[in-house]
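Below is one structure, written out as structure tokens; the observations come after it.
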Amino acid sequence: MTGNNFNPPPVTPTQILKTYFGYDSFREGQEEIIDTILNGRDALAIMPTGAGKSLCYQVPALLLPGITLVISPLISLMQDQVKSLNEAGIHAAYINSSLTEGQISKALSFAARGVYKIIYVAPERLETASFLNFALHTPISMVTVDEAHCISQWGQDFRPSYLKIVDFVEQLPGNPIISAFTATATEIVKNDISRILKLKNPNIVVTGFDRENLYYQVEHLTGKQKDIFIQNYIKEHANESGIIYCATRKNVDTLYEKLLKQGVSVTRYHAGMNNDIRKKSQDDFIYDRASVVIATNAFGMGIDKSNVRFVIHYNMPQSMENYYQEAGRAGRDGEPARCILLFSTQDVMISKMLLGSKDFEGMDFQEIEQVRQQDFRRLQLMEGYCMTTSCLRNYILEYFGEKPEKPCDNCGNCHQEFVETDMTKDAKWVINCISEMRGRFGQALVISTLRGAKKARLKEISATDFTSYGQLENRTEDDLRLLISQMVREGYVIQTEGEYSVLKIGNIAELQQKDSRIIVKKFKEKEKISGSRRHKSPYSEDFFQTNSVGNSSGTSNSGNSNNTAAIHKSDLFETLRQLRLQIAREESVPPYIVFTDKTLIDMCEKLPQNEDEMLGVSGVGQNKLQKYGSRFLQEIAAFLAANTQ
Ligand code: ADP
Ligand code: MG
């Protein structure tokens with residue numbers, strides 16, 4: 001069952017998709033890219049994380065006559081991909097610094113004999129004499145550049161060695177097709193990729209940025225409430241794999257100790273840890289030996305774990321770019337997953353502090369100023385996400401340049417109830433206060449003044465003598481933040497950019513009219529600290545009820561529907577998960593490489609009873625059927641027997 005020679009079996013992309021990967025249909029964009037490549041044309045694909053970029057080059061690689069070289073920035077990514085391919089019955093290899101010279105020359109000689117259709121290679125390797133020698137004497141049909149944004153100096157992940165790719169390609173005989181893949185959608189990065197790789201009349205395919213399976217949620221909580229929220233959430237979502245991001249190493253350590261004491265299956269990761277321990281922590285998480293990892297943003301690059309069911313941010317990140325990238329590590333398998341941001345006003349201060357201590361080595365004064373301005377602007381927009389009462393998904397999509405038409409009805413804000421409060425009078429006091437401060441101070445001082453706080457700083461600036469001092473003492477800090485951010489949006493107040501942002505009076509002509517009103521939408525008081533209520537995850541019975549009953553696409557073919565009502569599918573899911581874990585240990589691969597959560601869920605819904613039915617499960621291809629089919633069929637049969645009397 002392997003496509004391991006230069007005479008690939010005469011099959012179509014759809015047949016390859018089914019036979020090797022076990023999927024029935026392509027996702028958005030995949031077919032177009034595959035067709036482009038098979039027509040011999042260069043391709044650039046911009047698709048969000050989890051959209052399925054790998055298949056876009058792996059499928060044509062099996063149909064092209066020669067080898068496909070895939071350039072990938074990280075060793076862990078390559079290993080992951082090669083394991084996945086091998087599991088699917090496709091011969092592939094990687095060549096990078098994790099191998100000895102002996103192993104490399106052995107791999108290259110296998111490759112030269114045509115053993116592998118797909119070879120992953122680190123960009124640094126392209127320049128070495130041995131690799132170049134191999135590449136010049138072996139037919140190479142395609143060079144694929146994965147994570148292609150690494151070529152652009154404008155991205156966060158710039159890798160100088162990516163700039164060498166084009167030199168390498170230009171030396172190759174036979175004009176291989178170039179295909180490039182990234183999730184980064186900015187115009188400047190897109191143009192860099194196309195230009196630097198010298199793509200020839202490429203077909204540029206951009207799919208939507210949205211990831212429908214992710215549920216976004218923001219919770220306004222104090223430090224202590226955050227801990228309680230997390231404890232409850234983990235309790236309610238036991239066994240689910242999740243990442244908790246903290247802003248500082250100290251936060252990571254504190255939260256880690258706390259959860260460990262409570263018996264949570266948890267590990268941690270940050271740059272202050274010893275290399276070996278850190279590597280082990282990461283593996284514990286990937287191999288499902290620990291359900292939850294608590295980490296700084298040092299964690300995540302090169303993690304392709306597909307069954308991450310939640311990403312919680314313990315602190316607000318510094319930009320929407322960071323947030324979307326980190327939160328985006330949830331739900332790569334396309335199953336429901338949750339992205340929760342726990343916000344407290346302190347987070348803004350922490351972020352400012354972290355930005356303030358950023359390293360600007362090698363930049364001149366003007367450049368530093370420019371970057372700082374940009375950093376603080378990004379931070380402000382990040383805060384905007386935490387403060388908005390509108391659809392969170394739309395906020396994200398608009399930030400990245402899309403124009404969504406209506407609220408998503410699948411995020412915390414869309415599911416939140418609001419009360420509307422007339423805050424016109426309060427708004428006038430805000431203006432009054434800013435005017436008394438003559439536009440010299442920031443939001444924090446304006447709010448403390450209005451609330452009549454007893455702070456030395458207010459005395460220092462004589463704010464205690466203002467007429468506005470204490471006028472809004474009944475309002476909470478959150479109320480006033482909400483009001484001011486709305487006034488900024490409506491142009492009544494101007495918030496200057498930069499580290500020492502101050503509030504100034506904007507265009508208030510309209511506000512001075514008699515019948516003008518400022519209505520602020522506020523979250524209805526709710527039981528904040530409990531975890532999620534509406535969220536359905538594959539780990540709960542709730543999920544299967546709504547997803548299987550009446551789901552004609554899945555259940556109708558097997559004739560088992562009489563049984564389905566009587567059994568608890570979440571129990572079956574758990575049983576299959578344990579089997580998967582056991583197999584993963586035997587094979588030394590991460591569990592999600594044996595089968596994804598999505599595949600296990602589909603098994604629970606379809607309840608296959610023979611090999612044919614097993615092949616109908618999404619993610620079960622020929623090779624995996626042969627390797628694992630019978631064990632899963634047995635487990636399902638045993639479960640049904642025990643549960644349907
Ligand atoms: P990306 O590189 O775009 O972040 P991956 O290539 O890692 O995404 O794919 C994410 C997940 O989606 C993988 O588990 C993959 O097997 C799955 N997948 C890809 N294409 C399909 C498809 N057509 N049908 C079902 N699942 C798919
Ligand atoms: Mg990828």
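Nothing here was measured: the structure is a model prediction, and the numbers come from that model. Indexing begins at 1, ligand by ligand and atom by atom, following the structure's order. Throughout, numbering of the chain's residues begins at 1 and tracks the sequence.
- Under the 4.0 angstrom criterion for non-hydrogen atoms, A51 is in contact with ligand 1.
- For ligand 1 and S25, the ligand atoms under 4.0 Å from any heavy atom of the residue are 22 (C), 23 (N), 24 (N).
- Ring-plane geometry between F299 and Y245 is classed as tilted, the angle between the planes lying from 30 to 60 degrees on a 0 to 90 degree scale.
- Side-chain atoms of K53 come within 3.5 Å of backbone N or O of M47 as a donor-acceptor pair.
- Nearest non-hydrogen protein atom to atom 11 (C) of ligand 1 is R332 O, 3.5 Å.
- In this structure, R393 is not positioned above the aromatic face of Y216 in the sense of NZ or CZ being under 6.0 Å from the six-membered ring centre and within 45° of the axis.
- In the vicinity of Y23, heavy-atom distances shorter than 4.0 Å reach the ligand 1 atoms 15 (C), 16 (O), 17 (C), 18 (N), 21 (C), 22 (C), 24 (N), 25 (C), 26 (N), 27 (C).
- Judged by the shortest distance from any of its heavy atoms, D333 lies outside the 4.0 Å radius around the atoms of ligand 1.
- Of the protein's heavy atoms, T596 CG2, 4.0 Å lies nearest to atom 14 (O) of ligand 1.
- Panel note: side chain R309, backbone E335; a donor-acceptor pair is recorded below 3.5 Å.
- Not a single donor-acceptor pair under 3.5 Å links the side chain of R378 to the backbone N or O of M320.
- The residue from Q30, R27, E31 that puts a heavy atom closest to atom 20 (N) of ligand 1 is Q30.
- At a distance under 4.0 Å, a protein heavy atom can be found next to atom 27 (C) of ligand 1.
- When each atom of ligand 1 is checked for a heavy atom of F26 under 4.0 Å away, the hits are 23 (N).
- Taking any N or O of G50, backbone or side chain, at least one lies under 3.5 Å from an N or O belonging to ligand 1.
- At a heavy-atom distance under 4.0 Å, no atom of A183 approaches ligand 1.
- Cation-pi geometry between R338 and F310 is not met: the NZ or CZ atom fails to fall both under 6.0 Å from the ring centre and inside 45° of the normal.
- Close N/O approach between K53 and ligand 1 is found [any backbone or side-chain N/O within under 3.5 Å].
- Between F632 and Y628, the ring-plane angle classifies as perpendicular under the 30° and 60° cut-offs.
- Ligand-side atoms of ligand 1 in range of S54: 2 (O), 5 (P), 6 (O), 7 (O), range being under 4.0 angstrom from any heavy atom.
- Between F400 and the choices Y385, F209, Y323, the ring pair (Phe, Tyr, Trp, His ring centres under 6.0 Å) rule is met once, by F209.
- Residue contact check: P48 has heavy atoms under 4.0 Å from atoms 3 (O) of ligand 1.
- Cation-pi geometry between K305 and F285 is satisfied (NZ or CZ under 6.0 Å from the ring centre, within 45° of the ring normal).
- When the options R580, K627, R631 are evaluated for a salt bridge (Lys or Arg N to Asp or Glu O under 4.0 Å) with E586, the one that passes is R631.
- At a 4.0 Å heavy-atom cut-off, ligand 1 does not touch K598 at all.
- Atom 9 (O) of ligand 1 has its closest protein heavy atom at G52 CA, 3.5 Å.
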